[in-house]
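Structure first, then comments.
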Amino acid sequence: MYLILLGAPGAGKGTVAKMLLKEHPAAHISTGDILRGNVAAGTELGLQAKKFMDEGGLVPDQLILDMMKGRLAEGDAQQGFILDGFPRTITQAEGLGKILDELNITLTGVVSIDVPEQIILDRILSRRTCSNPKCQAIYNVKFMPPKVEGVCDKCGGALIQRADDNHETVRNRLAVYKEQTAPLIRFYEEQGKLFKIDGTGGTPSGVYAKVRELLG
Ligand code: ADP
Ligand code: ZN
């Protein structure tokens, strides 16, 4: 399974990815997670990416493509992957196409998770993320709370609100999504790769069931 999950911030890409992985072994590649890991570790890439992330803007395409070229060439990605948060621009999608050609990989499909903006804002502001860079599990204080308040079920790490999960940054991220990422829906539709799903179906497991149905 070589899958791209497409959707606005807060659409549930990360949550759906983690659920799919329980049954389909594949590399979960989240560019947001990789970037946050780099910021936490203070790498050169992290230093360059941080200012864009803090503002809710996009990290420049070339940095992302270089990072992903390396990541997709790693052994685990050859058996299958779920891309979460990449590609985010037409330039990135074209770059990904070249990388996959070189690796002789054909995309299984692109799942576009559709959620209206009002719901997204509410979800993101109540989202909490595990502060352990190796875990980064996602919770929601309203819809998917951890067993113990403020503590990650999986690793015991402290749950935090991501620096970019605030009102103003979210508005920027949604505007950037509309302008730069939403055109990818058309791009993959024209390639006959797109599956659209409604991401408002209450529980994330309902969305997950639909993804599985689409993939057969
Ligand atoms: P969300 O989907 O909730 O916006 P992510 O964790 O996917 O969050 O991304 C967080 C931030 O990391 C983005 O706002 C952006 O600054 C940066 N980022 C992640 N993936 C990409 C990408 N493919 N291209 C450019 N910037 C990216
Ligand atoms: Zn954790």
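Both ligands and their constituent atoms are indexed starting at 1 by order of listing.
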Protein heavy-atom partner closest to atom 22 (C) of ligand 1 - residue, atom, separation in Å: R88 CD, 3.4 Å
Minimum-distance protein heavy atom relative to atom 12 (O) of ligand 1: M53 CE, 3.6 Å
Tell me whether [X] is salt-bridged to [Y], with the criterion being a basic N under 4.0 Å from an acidic carboxylate O.
| X | Y | result |
| --- | --- | --- |
| R71 | E74 | yes |
| E117 | K178 | yes |
| R127 | D122 | no |

Using side-chain heavy atoms (C-beta onward) and a distance below 4.5 Å, is R88 in contact with Y177?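 The answer is no, as the side chains (C-beta and beyond) never meet within the 4.5 Å cut-off.
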Flag the pair N38 / E44 as yes when at least one side-chain heavy-atom distance between them is below 4.5 Å, and no otherwise. no
Short side-chain donor-acceptor distance under 3.5 Å, [Y] and [X]:
| X | Y | value |
| --- | --- | --- |
| D66 | Q62 | yes |
| N172 | T169 | no |
| R36 | Q136 | yes |

Show the atoms of ligand 1 that are less than 4.0 angstrom away from any heavy atom in [X].
| X | value |
| --- | --- |
| T31 | 19 (C), 20 (N), 21 (C), 23 (N) |
| G57 | 14 (O), 15 (C), 16 (O) |
| L35 | 12 (O), 17 (C), 18 (N), 19 (C), 27 (C) |
| R162 | 1 (P), 3 (O), 5 (P), 6 (O), 8 (O), 10 (C) |
| D164 | 10 (C) |

R127 heavy atom under 4.0 Å from ligand 1: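 Yes, R127 has a heavy atom closer than 4.0 Å to ligand 1.
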One residue to check: V59. Relative to ligand 1, which of side chain, backbone, both or neither has a non-hydrogen atom less than 4.0 Å away?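 Near ligand 1, V59 shows its backbone as well as its side chain.
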Option set K13, R36, M67, criterion heavy-atom distance to atom 6 (O) of ligand 1, minimum: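 Answer by nearest heavy atom: R36.
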Which residue from Q180, R173, Q92 reaches closest to atom 1 (P) of ligand 1 through any of its heavy atoms?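 Answer by nearest heavy atom: R173.
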Is there a nitrogen or oxygen of P9 sitting under 3.5 Å from a nitrogen or oxygen of ligand 1?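 The answer is no, given that P9 and ligand 1 share no N or O pair closer than 3.5 Å.
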If you compare all heavy atoms of V59 against all heavy atoms of A49, which two are closest, and at what distance to 0.1 Å? CG2-CB, 3.9 Å
Using the Zn ion (ligand 2) as the apex, give the angle to atoms SG (C135) and SG (C130), rounded to 10 degrees. 110°
